[in-house]
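Okay, so here's the structure we're looking at.
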There are 2 protein chains.
Amino acid sequence: MERPELPLPQLHAFVVLAEELHFGHAAARLGIAQPPLSQQIRRLEDKVGHALFSREPGRVMLTPTGLELLPAARRALTDLADGLAAARAVGSGRAGHLRIGFAASLALTVLPGLLFNFRQRFPGVHLDIREMTTAPQIAALHDKTIDIGLLREPPADEAELGLRTVLSEPFVAVLPATHPLAAQRTVKLAQLADSPFVLLPRAVGPQLHDQITGLCTAAGFTPQIAQHAVEWQTVCALVETGLGVSLAPASIRRIRLKGVAFRRIEPSTARTRVAVAWRRDDQSPLVTHLLATLGQDPPDRP
Amino acid sequence: MERPELPLPQLHAFVVLAEELHFGHAAARLGIAQPPLSQQIRRLEDKVGHALFSREPGRVMLTPTGLELLPAARRALTDLADGLAAARAVGSGRAGHLRIGFAASLALTVLPGLLFNFRQRFPGVHLDIREMTTAPQIAALHDKTIDIGLLREPPADEAELGLRTVLSEPFVAVLPATHPLAAQRTVKLAQLADSPFVLLPRAVGPQLHDQITGLCTAAGFTPQIAQHAVEWQTVCALVETGLGVSLAPASIRRIRLKGVAFRRIEPSTARTRVAVAWRRDDQSPLVTHLLATLGQDPPDRP
DNA sequence: TGGCCTGATATCTCTAGGCGTATGGAGCGC
DNA sequence: GCGCTCCATACGCCTAGAGATATCAGGCCA
């Protein structure tokens, strides 16, 4: 790649003149007087080393040399205009792509609304969504593998990461509608001690899993896990069949199955936090935009 | 098409820095000191409105914005470099295309050598060859439908055209080897009065045709045309079969058939002229080159 | 802590070039 | 011949920008 020798204003003048084939009109289109245009063309011809236009009295025409240069000049100008526009779009956050990690348990709560709102505001932005648990999200943020994390039970000691709580929700008991406790408005945790549990496998969400089993332990019993299911829908479905009960973040109420009842638990102090995480030093306006979207459209609180 | 805002030197600096990702090295490759490079990049970033590089201590990296701009910048630069080279090639006559009209009777004489030599010297030039008789060539030169004409019996009164004689050749009698006159070294035109003639149709080359029949008339007889043939090879082949005799420009000797004899005619004053014609005001270097080629490689004189 | 590397800043110079007005000069039509 | 159109030429002005040198500031390593 060598140093370019053709100033863009001259190329611009050249292209316009090639379209108008009239110095006066071309100068008018360029918004300048005619003599400067003559100079521009002259300078360009000097640089190329050959005439680009034949000025026969009465008509201006492109020479073969000019005809050869024209498409290149035109492409260069449009490339630059388009490239500049695209770069500005990316720079201002109207385009680009954003990689978001999210906890599986959010797929039915904050995530859909967030994606919907964000896409409506920034339709040019490609969103790359991947399901990850908390620890891998933290690692991926440091790796710059993702730009945004949506996770449960955020760690407290991450100096390089920004963290903001998106949702803090209590737990609910998930019961078959036929279960005796379903008759009560609230359920004491200890009352679940004898029921078999249906839970997500610990590997899917260790923080949440540990918090749930921790709640049971605090209530004085160890949950008897009868069955694992990787998705909350499945958990509810299994509860509906009477296989057992479960404990889940309150947003699970979104899953409406007629054979399943959700009941507040007591004590109700235990809550699970959902946070958004990002790199503090991330300059991308897309991150800012996403955080703003998250702030302006607070997810429904169940 | 709007006025471009990105000076090419800055784009060049940008591309080089994007490749080197190191201000010092990039500046060295550009042949400038490092501070000016920093300035170039800064100016470009000001114009774009966003950072193009992230300068973390220790490493320079492209931002997404810069990554978006890079391909456009690269394409614009190479387009211009290539376009400029192509335009210069056309301007200097190393490329382009040249439209040549030629008389059919030259297809076996001046034309092959001319094309061969010209193509060897200017392999980048596309030659557009079309067979035309004299009058259409003159018209096509005025129309700018062709750039070069190779014609017989050029007109004298063409002020706008340049004309140069390429070849001036006598006529020869074309005889079957068994013909009594073939025993002589030279043939008097009148001796052909009783033989049937094989000639090109007048439409193929009126000037030449008229000149041949004119020769006969001058010698006191009207040729009995027994057969027409559109190509000289065919004429010779028909003569070989004994169908008749012919009169032809001497360069026809190139066609070697064992049953055909070529004999000088007397009086030998009659000659046919082949000329090259071009527009005097034609600026194209290709025309000059072709004329030079024609001058430097004189066609074989039979 | 003191070099060293790397990039940013400050300041200066110089010129290419972009634009204007005024003018010249060739064709062309009346 | 006169005026009109259209392009070129001739200055003159002025800014952008490309380049240099000198210096500063932050990380890194010994």
Side-chain angles (χ1 to χ4, degrees), chain A residues 1-63 66 73 77 80 160 281 283, chain B residues 1-63 66 73 77 80 160 281 283:
Chain A
M1 181 110 26
E2 29 183 79
R3 189 175 248 80
E5 341 176 35
L6 307 181
L8 289 184
Q10 291 174 18
L11 287 171
H12 185 210
F14 167 63
V15 170
V16 171
L17 180 57
E19 285 166 1
E20 298 288 336
L21 292 179
H22 186 291
F23 278 75
H25 300 168
R29 237 184 77 185
L30 288 164
I32 61 176
Q34 170 262 318
L37 175 59
S38 287
Q39 286 188 22
Q40 300 268 48
I41 299 300
R42 181 152 176 51
R43 267 195 285 268
L44 189 59
E45 287 177 326
D46 285 348
K47 294 232 167 92
V48 173
H50 307 278
L52 298 172
F53 294 94
S54 71
R55 292 85 152 168
E56 299 165 29
R59 66 165 162 248
V60 174
M61 283 181 354
L62 273 170
T63 62
L77 290 179
L80 284 186
E160 294 179 14
D281 65 352
Q283 303 291 345
Chain B
M1 180 111 25
E2 28 184 81
R3 190 175 249 79
E5 341 176 34
L6 307 180
L8 290 182
Q10 291 174 18
L11 287 171
H12 186 207
F14 167 62
V15 170
V16 171
L17 180 57
E19 284 165 1
E20 298 288 336
L21 292 178
H22 187 289
F23 278 75
H25 300 167
R29 237 183 77 185
L30 288 164
I32 62 175
Q34 169 261 318
L37 175 59
S38 286
Q39 284 188 22
Q40 300 268 50
I41 299 301
R42 180 149 176 53
R43 267 195 285 267
L44 188 59
E45 288 178 327
D46 286 347
K47 295 230 168 93
V48 173
H50 307 277
L52 299 172
F53 294 94
S54 71
R55 292 86 151 165
E56 299 166 29
R59 65 164 163 250
V60 173
M61 283 181 357
L62 274 169
T63 62
L77 290 178
L80 284 186
E160 294 179 14
D281 65 354
Q283 304 291 346

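Convention: sequence-line order gives letters A, B, ...; per-chain numbering from 1.
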Taking OP1 and OP2 of [N], is either one under 4.0 Å from a side-chain nitrogen or oxygen of [X]?
X       : N      : answer
A:Ser38 : D:dC7  : no
B:His22 : C:dG7  : yes
A:Lys47 : C:dA16 : no
A:Arg42 : D:dT9  : yes
A:Arg55 : D:dA8  : yes

Rounded to whole Å, please give me the gap between [atom1] in [X] and [atom2] in [N].
X       : N      : atom1 : atom2 : answer
A:Leu8  : D:dA16 : CG    : P     : 17 Å
A:Gln40 : D:dA8  : CD    : P     : 13 Å
A:Met61 : D:dC7  : CE    : P     : 13 Å
A:Leu37 : C:dG17 : CG    : C1'   : 14 Å
A:Gln34 : D:dT5  : CD    : P     : 14 Å
B:Leu44 : D:dG17 : CG    : C1'   : 13 Å
A:His12 : C:dG17 : NE2   : P     : 18 Å
A:Leu30 : C:dG20 : CG    : P     : 11 Å

Rounded distance [0.5 Å steps], CD1 in A:Ile41 versus CG in A:Leu17: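 Taking CD1 in A:Ile41 and CG in A:Leu17, the distance rounds to 4.5 Å.
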Please report the interatomic distance NZ(B:Lys47) to CZ(B:Arg42), rounded to the nearest 0.5 Å.
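Nearest 0.5 Å value for the NZ-CZ distance: 12.5 Å.
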First of B:His25 and B:Pro36 reached from the 5' end of DNA chain C, by closest nucleotide |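 Result: B:His25.
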Side chain B:Gln39 and base C:dA8 donor-acceptor under 3.5 Å: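 Checked by distance alone, the answer is no.
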So, A:Glu45 side chain and A:Leu52 main chain: donor-acceptor pair closer than 3.5 Å or not?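 Checking the backbone N and O of A:Leu52 against the side chain of A:Glu45, a donor-acceptor pair under 3.5 Å is found.
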Any side-chain heavy-atom pair of A:Leu62 and A:Phe53 under 4.5 Å: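 Sidechains of A:Phe53 and A:Leu62: in contact.
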TODO: Would you check if A:Leu8 and A:His12 make a side-chain contact, meaning some heavy-atom pair closer than 4.5 Å?
DONE: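 Answer no - side chains too far apart.
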B:Arg43 near the nucleic acid: base, sugar-phosphate alone, or nothing, with a heavy-atom cut-off under 4.0 Å?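 Base contact.
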Query raised in the report: Given that B:Gln10 and A:Phe23 both sit by DNA chain D, which one's nearest nucleotide is further toward the 5' end?
Result: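 First, find each residue's nearest nucleotide; the 5'-ward one identifies A:Phe23.
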